[in-house]
Amino acid sequence: DAKTTQPNSMESNEEEPVHLPCNHSTISGTDYIHWYRQLPSQGPEYVIHGLTSNVNNRMASLAIAEDRKSSTLILHRATLRDAAVYYCIPHPGASYGKLTFGQGTILTVHP
Amino acid sequence: DGGITQSPKYLFRKEGQNVTLSCEQNLNHDAMYWYRQDPGQGLRLIYYSQIVNDFQKGDIAEGYSVSREKKESFPLTVTSAQKNPTAFYLCASSHKGRRPNEKLFFGSGTQLSVL
């Protein structure tokens, strides 16, 4: 499985954009990049995923580097409800849904 | 609303006791999973199932058992052989469990503690 590197923690102010980076230099060509987030005492929640192109949805945007060795999750205007642990997860095609969750990035949002 | 229901939210186990955590989904998903989360850590896969009456060990299956008699249900038993069971247990499901673009849907978890 591809290994990921994420900052342990990041901070942001409310209503400012947040860029959460992830390095996945050993990713294979068929691995999708998934992002999940987990609020305290809750189960993880799907945020977004992509393969090669940048992706947008109502929650966030995902920018994938051209060489696919890194990606960035973008929250366009952080709110207090975005404070969570964010996990970047390469999803191998043959893993049969078995995602590997590392320690992620703890995002703190200040009012 | 469709989703995954885990119960109970909190569970206490005595020494030598087996306990069973419930997980039910009404999303009509084929694949279901159990993860364990220790404080400040990521999630580790215990067991997964892609179809009724079939399941596979994950990375940390020792001391746990599961069954999949119905599509909607995937209970996890923490046996007395699991010497360090205190953790947050999460159940998840996905549509088929075979494609890399599938999303996982999680329940709200069960916190298990040892008395």
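So that the names make sense, note that chain A is the first sequence line, chain B the second, and so on, each numbered from 1.
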Is it true that [X] and [Y] fall in one hydrophobic cluster, defined by side-chain heavy atoms closer than 4.5 Å?
| X | Y | value |
| --- | --- | --- |
| A/Ile106 | B/Phe88 | yes |
| A/Ile74 | A/Leu80 | no |
| A/Leu75 | A/Ile33 | yes |

**Message:** Centroid separation under 6.0 Å, is that true for the rings of B/Phe106 and A/Phe101?
**Reply:**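 Yes.
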**Prompt:** Is chain A contacted by the side chain of B/Gln56, its backbone, both, or neither, given a heavy-atom distance below 4.5 Å?
**Reply:**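 No part of it gets close to chain A.
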**Request:** Against chain A, label B/Leu45 side chain, backbone, both or neither, depending on which of its atoms sit under 4.5 Å from a heavy atom there.
**Result:**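 Side chain only.
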What do you reckon, is [atom1] of [X] surrounded by more than 12 foreign heavy atoms closer than 6.0 Å?
| X | atom1 | result |
| --- | --- | --- |
| A/Leu39 | CG | yes |
| B/Lys9 | NZ | yes |
| A/Asn13 | CG | yes |

**A/Gln103 backbone acceptor or donor facing B/Gln41 side chain under 3.5 Å** =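 No; zero donor-acceptor contacts below 3.5 Å.
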**Item:** Co-members of B/Trp34 in a cluster of I, L, V, M, F, W and Y side chains, linked at under 4.5 Å
**Value:**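 Besides B/Trp34, the cluster holds B/Leu11, B/Val19, B/Leu21, B/Met32, B/Ile46, B/Tyr47, B/Phe55, B/Ile60, B/Tyr64, B/Val66, B/Phe74, B/Leu76, B/Val78, B/Tyr89, B/Leu112.
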**Asked** Going by the salt bridge (charged side-chain N to carboxylate O under 4.0 Å, His left out) test, which pairs reach into residues 17-44 of chain B, not counting sequence neighbours?
**Response**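 Found B/Asp30-B/Lys71, B/Asp30-B/Lys96, B/Arg36-B/Asp38, B/Asp38-B/Arg44.
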**Message:** So which atom in B/Gln37 and which in A/Tyr87 form the shortest heavy-atom distance, rounded to 0.1 Å?
**Reply:**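 Result for this residue pair: NE2-OH, 3.2 Å.
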**Message:** With rounding to the nearest 0.5 angstrom, report the NE2 to CG distance, A/His34 to B/Leu104.
**Reply:**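 Reported to 0.5 Å precision, the distance equals 8.0 Å.
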**Request:** Report, by ascending residue number, the residues of residues 41-52 of chain A in heavy-atom contact with chain B at a distance under 4.5 Å; give 'none' if the set is empty.
**Result:**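 Within residues 41-52 of chain A, the residues that come under 4.5 Å of chain B (heavy atoms only) are A/Ser41, A/Gln42, A/Gly43, A/Pro44, A/Tyr46, A/His49.
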**Results of side chain to side chain donor-acceptor pair (under 3.5 Å) for B/Ser80 - residues two or more places apart only** =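 Scan of B/Ser80 (side chain to side chain donor-acceptor pair (under 3.5 Å), adjacent residues dropped) gives none.
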